[in-house]
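Both ligands and their constituent atoms are indexed starting at 1 by order of listing. In what follows, residues are counted from 1 in the order of the sequence shown.
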Amino acid sequence: MGSPAIAILGTGSYAPEKILSNGDLAKLVDTSDEWIFSRTGIRERRIAADNETTSQMAAAAARRALADAGLTAADIDLIIVATITPDLPMPATACFVQDLLGVSTHAACFDLNAACSGFLYALDTAWAMLGSGRYRHALVIGAEKLSSVLDWKDRTTCVLFGDGAGAVVLGPARGTAQIIGTKLYAEGAHARLLCIPDGGSNTPAPVLDALRTPRTITMKGREIFKIAVREMEDAARDILEQHQVPAARIDCVIPHQANLRIIGAIAQYLELPSDRFFVNLDRYGNTSAASIPLALDEARRSGRIKTGDTTLFVAFGAGLTYGSALVRW
Ligand code: UT7
């Protein structure tokens, strides 16, 4: 007998109230709405309040996903939070989320760091754990407070990112909806192209204090752009081939929301019309691990994804990690 079919039973998302427009950014750094929009497709992004944490945003998205699934915290026995902006270096943000939601002490809770591919890595992990039969219902969350790791004087990075959270509840399939497959990859040789260079065990606390370097994101944008297009195309093609699903049969693609030009290139290479791709990066920017579940929740709630549809998720991010997933609704 094969593994039990596992499905996404509910989705939820949360975006902080504060909106930071391209015009606002032009007052902070030497940039313009024209440059940002034409190079990325971003118009504005959300910024968490100073005292708002990644775990609070994650819990808000999770509550909505639970309500959508018709389940409660008591049903959850696994929480995975994909994030590069945990509340603290330790313990795991998932433990704070467990506490905020009132999930039982019998639940397993941990964080996962695969940057912008984090949600797909967490989905794959939770799917395998539920498939083993040892866990029944999982919360898989992508949540980020990227505003806390940006250098607000660096125009090459600070205009790209935003804060937010998205969550899904995974559990035994109720109808024909189910996760069909996932594929994960990484190219560690490119790890330094996009990173936070200080603040880990590489720079012990006293050294970091002496350096006085901020723990902020550095990125070689142009190099990443080229690799990202290739990686996302490969990840999409591999999974479609493996499951013998022609690209034309995909009803909706939820790509990592980093850059509209990257999404456009993927659409062109896969020979899919651009309206097959769900895009909300104009309003949120790149929210890293939150990007796909936040877009997924909006796509479902707006009626863009319907029962019986097949969706393709595809992501790339620091590591460089990348991956894809096929889901039937
Ligand atoms: O989740 C993964 C996250 N990473 C990514 O998604 C990065 C992927 N890369 C990209 O999205 C694009 O490479 C960027 C949007 C980051 C940059 O766009 P680009 O078309 O590759 O621009 P560029 O880096 O080649 O820079 C072009 C020019 C440069 O000036 P010069 O050297 O031509 O005089 C930059 O200094 O634009 C300048 N520039 C800016 N100008 C106004 C860079 N950032 C800005 C800015 N405003 N914010």
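Nearest protein heavy-atom neighbour of atom 14 (C) of ligand 1: Asn259 ND2, 4.5 Å. Of all protein heavy atoms, the one closest to atom 47 (N) of ligand 1 is Thr31 OG1, 2.6 Å. Here the heavy atom of the protein found nearest to atom 48 (N) of ligand 1 is Arg155 O, 2.9 Å.
When all heavy atoms of Ala138 and Ile76 are compared, the closest pair comes out as C-CD1, 4.2 Å. Pairing each heavy atom of Gly118 with each of Leu112, the nearest pair is O-CD2, 3.9 Å. Contact record, Ile42 with Glu44: CG2-O, 3.6 Å, taken as the closest heavy-atom pair. Taking each heavy atom of Ile47 and Pro16 in turn, the nearest pair found is O-CB, 3.6 Å.
Using a non-hydrogen distance threshold of 4.0 Å, Ile36 does not register as a contact of ligand 1. Taking 4.0 Å as the cut-off, Asp30 counts as a neighbour of ligand 1 on heavy-atom distance.
At most 12 heavy atoms of other shown residues, nucleotides or ligands fall within 6.0 angstrom of atom CZ in Arg136. Atom CZ of Phe110 is surrounded by more than 12 heavy atoms from other residues, nucleotides or ligands within 6.0 Å.
Each of the atoms 6 (O) of ligand 1 lies under 4.0 Å from some heavy atom of Ala258. Of all atoms in ligand 1, numbered sequentially from 1 with element shown, those under 4.0 Å from a heavy atom of Asn286 are 1 (O), 2 (C), 3 (C). The ligand atoms of ligand 1 that sit less than 4.0 angstrom from a heavy atom of Arg39 are 19 (P), 20 (O), 22 (O), 27 (C). For ligand 1, the atoms closer than 4.0 angstrom to any heavy atom of Thr40 are 15 (C). Against a heavy-atom cut-off of under 4.0 Å, Arg261 is close to the following atoms of ligand 1: 18 (O), 19 (P), 20 (O). Close approach of ligand 1 to Cys116 is summarised as follows: ligand atoms under 4.0 Å from at least one heavy atom of the residue are 1 (O), 2 (C).
Considering backbone and side-chain atoms together, Gly221 places an N or O closer than 3.5 Å to an N or O of ligand 1. Residue contacts with ligand 1: Ser32 is placed with no nitrogen or oxygen under 3.5 Å of a nitrogen or oxygen of the ligand (distance criterion only). For ligand 1, the polar-atom distance check against Thr156 finds no nitrogen or oxygen pair separated by under 3.5 Å.
Under the 4.0 angstrom criterion, atom 37 (O) of ligand 1 counts as having a protein heavy-atom contact. Under the 4.0 Å distance rule, the nearest protein heavy atom to atom 29 (C) of ligand 1 falls outside the cut-off. Shown here, atom 4 (N) of ligand 1 is in close reach of the protein: a heavy atom of it lies under 4.0 Å off. There is no protein heavy atom closer than 4.0 angstrom to atom 32 (O) of ligand 1.
The backbone N or O of Ser147 lies less than 3.5 Å from a partner atom in the side chain of Trp152, making a donor-acceptor pair. Using a distance-only test at 3.5 Å, with no hydrogens or angles considered, no donor-acceptor pair links the side chain of Asn22 to the main chain of Ile36.
The residue among Phe225, Phe316, Trp35 with a heavy atom at the shortest distance from atom 17 (C) of ligand 1 is Trp35. Counting only non-hydrogen atoms, the option in Lys220, Gln257, Arg222, Met219 that gets closest to atom 23 (P) of ligand 1 is Arg222.
Note on Lys18 versus Glu52: no salt bridge recorded, every NZ/NE/NH1/NH2 to OD/OE distance being 4.0 Å or above. In this structure, Arg283 pairs ionically with Glu298, as a charged nitrogen and a carboxylate oxygen lie closer than 4.0 Å. Salt-bridge check for Arg237 with Glu233: passed, with a basic side-chain N closer than 4.0 Å to an acidic carboxylate O.
Ring geometry, Phe316 versus His256: the interplanar angle exceeds 60°, so the pair is classed perpendicular (tilted spans 30 to 60°).
The shortest side-chain heavy-atom distance between Arg301 and Arg64 falls under the 4.5 Å cut-off.
At a heavy-atom cutoff of 4.0 Å, ligand 1 is contacted by the side chain of Val159 but not by its backbone.
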